[in-house]
2 protein chains.
Amino acid sequence: MIQKTNRMNLVEQVASQIEQLIGSGHWQIGDRIPPEMELMEKFDVSRNTLREAIRALVHAGLLETKQGSGTIVRSANALGAAIKRHVKKSAMLETLDVRLALEKQAAQLAAEHRSETDLAKLEAYIQLSRQAVEKKDYEQFIELDIHFHQAVVSASHNQLLIDLYEPLAEIIYSFVQDLMAMNKPFKYEEELHIELFTAIRSQDKQAAATYVEDYMEVLRKEVVEMIEEE
Amino acid sequence: MIQKTNRMNLVEQVASQIEQLIGSGHWQIGDRIPPEMELMEKFDVSRNTLREAIRALVHAGLLETKQGSGTIVRSANALGAAIKRHVKKSAMLETLDVRLALEKQAAQLAAEHRSETDLAKLEAYIQLSRQAVEKKDYEQFIELDIHFHQAVVSASHNQLLIDLYEPLAEIIYSFVQDLMAMNKPFKYEEELHIELFTAIRSQDKQAAATYVEDYMEVLRKEVVEMIEEE
DNA sequence: TTTTAAAATTTGTAGGATGATTGGTACATT
DNA sequence: AATGTACCAATCATCCTACAAATTTTAAAA
């Protein structure tokens, strides 16, 4: 088999190193990275080369530069940034369909592969959600709801699924938040969450898929209502 | 409402324009774009600015530069390129699970929304696949198989789903092709394709989902076999 | 203490210079 | 005719210096 020659140019080398620094958490989200001068010396490249590398990551959504101020880390997940940018052009209902597709599959995989830790996390989020509802802290509730669903996807232990799901969930979350500011809060679908949890615990793939479908149907109806009231 | 200052810097402006030229098809995939000097004049920016813009798109996978030769258009879909790069690090079986998730949902949506044109395309691919098998042209068959499945997803008329599915299908396709070079060809699952087609035509969501599952299970087994034989 | 003005820092843009790689051409060799 | 070599031109890769614009920090003034 012929191996493609892989001579990375300087810019890509630097960009790759920076990506790694971000991915490894050495530079956290929100951090200001060192100024160009310092990075030039550290990577031993010219200003142009360094700037091209940084610009590539800015375009990819990992960094954000502000003239006079500096450069900060904006995201650690290039794929997530790409999806977010792309989805902004799509319709919300299309996004919901894709989320349903991914989460349904995730729930089934979770039923197969969930660990004790996964179950504990899910149970904790259900508990916290209930408390948030009792305090009528609906914003907090929405956030916990998202975390619950993300925990379901995490329990699938499929990294690609997790990476694709995350940005979609965030988009839907912020959309719901925006609309919620003008309407009454969501109905709390506690039963569905508990039933989904139970299905995953008892490793019932079929039931897990069904409850995800039910939940997404409820969510879809609320979103449709909100859009129509607009 | 305060409008976020939308002073895009020059680099992003140029990158955005180039993206548009690619997206609109003015610059086709495989085309060589004009050299830096010419683009500098056309966009009226300095060499640095132009290079940073091009570099951003190279990193995103839309362009590819070759020293001494020029810069060519490599892809028109930034999201697809991002997914492809990302998936290279994931396991093939994880990718299959995600493909199953998306295609299952797509099949159900296709059962709802398919047009007559969609049905005609699906039928045509089935017909061509059969001919390819008769001619024992298995490479051609695999290609047609992919097209069939992509047509199923297209029939969902959910653009986000289509955009996410495409790169995954390509990856699996090239993976299967690589492995096929050393093994015997795939078994032809003609019945499943016909049954999926029939389900979509008769708008039977449930059946459509089931046949996708069955097909993916067959595919999974073959991939597992191939990996183990490695 | 608060306000204002200057200075320093940092990214944005421009332009030029040199080196490296590629593709093609012409010519010689086999 | 096919292959190998030397050369040339086009093009990107990298580096350098300079100045502009935006922001932050510092210092002076009220």
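Just the heavy atoms: all of them, side chains too, but no hydrogens, waters or symmetry mates, feed the values below. Letters go in sequence order (proteins before strands), and every chain restarts at 1.
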S.K.: Figure out the CG/P separation between N9(A) and dT21(C), and round it to whole Å.
M.R.: 12 Å
S.K.: Tell me which residues in residues 42-55 of chain B lie within less than 4.0 Å of DNA chain C, going by non-hydrogen atoms.
M.R.: V45(B), S46(B), R47(B), N48(B), T49(B)
S.K.: Take atom CD of E36(A) and atom P of dT11(C), then tell me their distance rounded to the nearest Å.
M.R.: 5 Å
S.K.: Within the pair T71(B) and dC12(D), is there a side-chain N or O less than 4.0 Å away from OP1 or OP2?
M.R.: yes
S.K.: For N158(B) and H113(B), does a side-chain donor sit closer than 3.5 Å to a side-chain acceptor?
M.R.: no
S.K.: In whole angstrom, give the distance that lies between atom CG of L39(B) and atom C1' of dT11(D).
M.R.: 12 Å
S.K.: Figure out the CE/P separation between M40(B) and dA14(C), and round it to whole Å.
M.R.: 9 Å
S.K.: Could you grab the distance from atom CZ of R99(A) to atom CE of M92(A), nearest 0.5 Å is fine?
M.R.: 11.0 Å
S.K.: Between atom CE in M37(B) and atom C1' in dA17(C), what is the gap in whole Å?
M.R.: 11 Å
S.K.: In Å, rounded to the nearest 0.5 Å, how long is the span from CG of L102(B) to CG of L109(B)?
M.R.: 11.0 Å
S.K.: Once ring-ring contact (aromatic ring centres under 6.0 Å, His included) is applied, what residue pairs with a partner in residues 24-49 of chain A remain, sequence neighbours excluded?
M.R.: none
S.K.: For L10(B) and dA20(D), what is the distance between atoms CG and C1' respectively, to the nearest whole Å?
M.R.: 12 Å
S.K.: Have D145(A) and Y215(A) got a donor and an acceptor in their side chains that come within less than 3.5 Å?
M.R.: yes
S.K.: Just how far, in rounded Å, is P of dA13(D) from CD of E64(B)?
M.R.: 11 Å
S.K.: Regarding dG19(C), can its base be found pairing with the side chain of Q67(B) as donor and acceptor, where the two atoms are less than 3.5 Å apart?
M.R.: yes
S.K.: For R32(B) and dG24(C), what is the distance between atoms CZ and C1' respectively, to the nearest whole Å?
M.R.: 12 Å
S.K.: Given dT22(C), dA13(D), dG12(C), identify the nucleotide with an atom nearest to the side chain of S69(B).
M.R.: dT22(C)
S.K.: Any chance the side chains of Q150(B) and Y165(B) put a donor and an acceptor closer than 3.5 Å?
M.R.: no
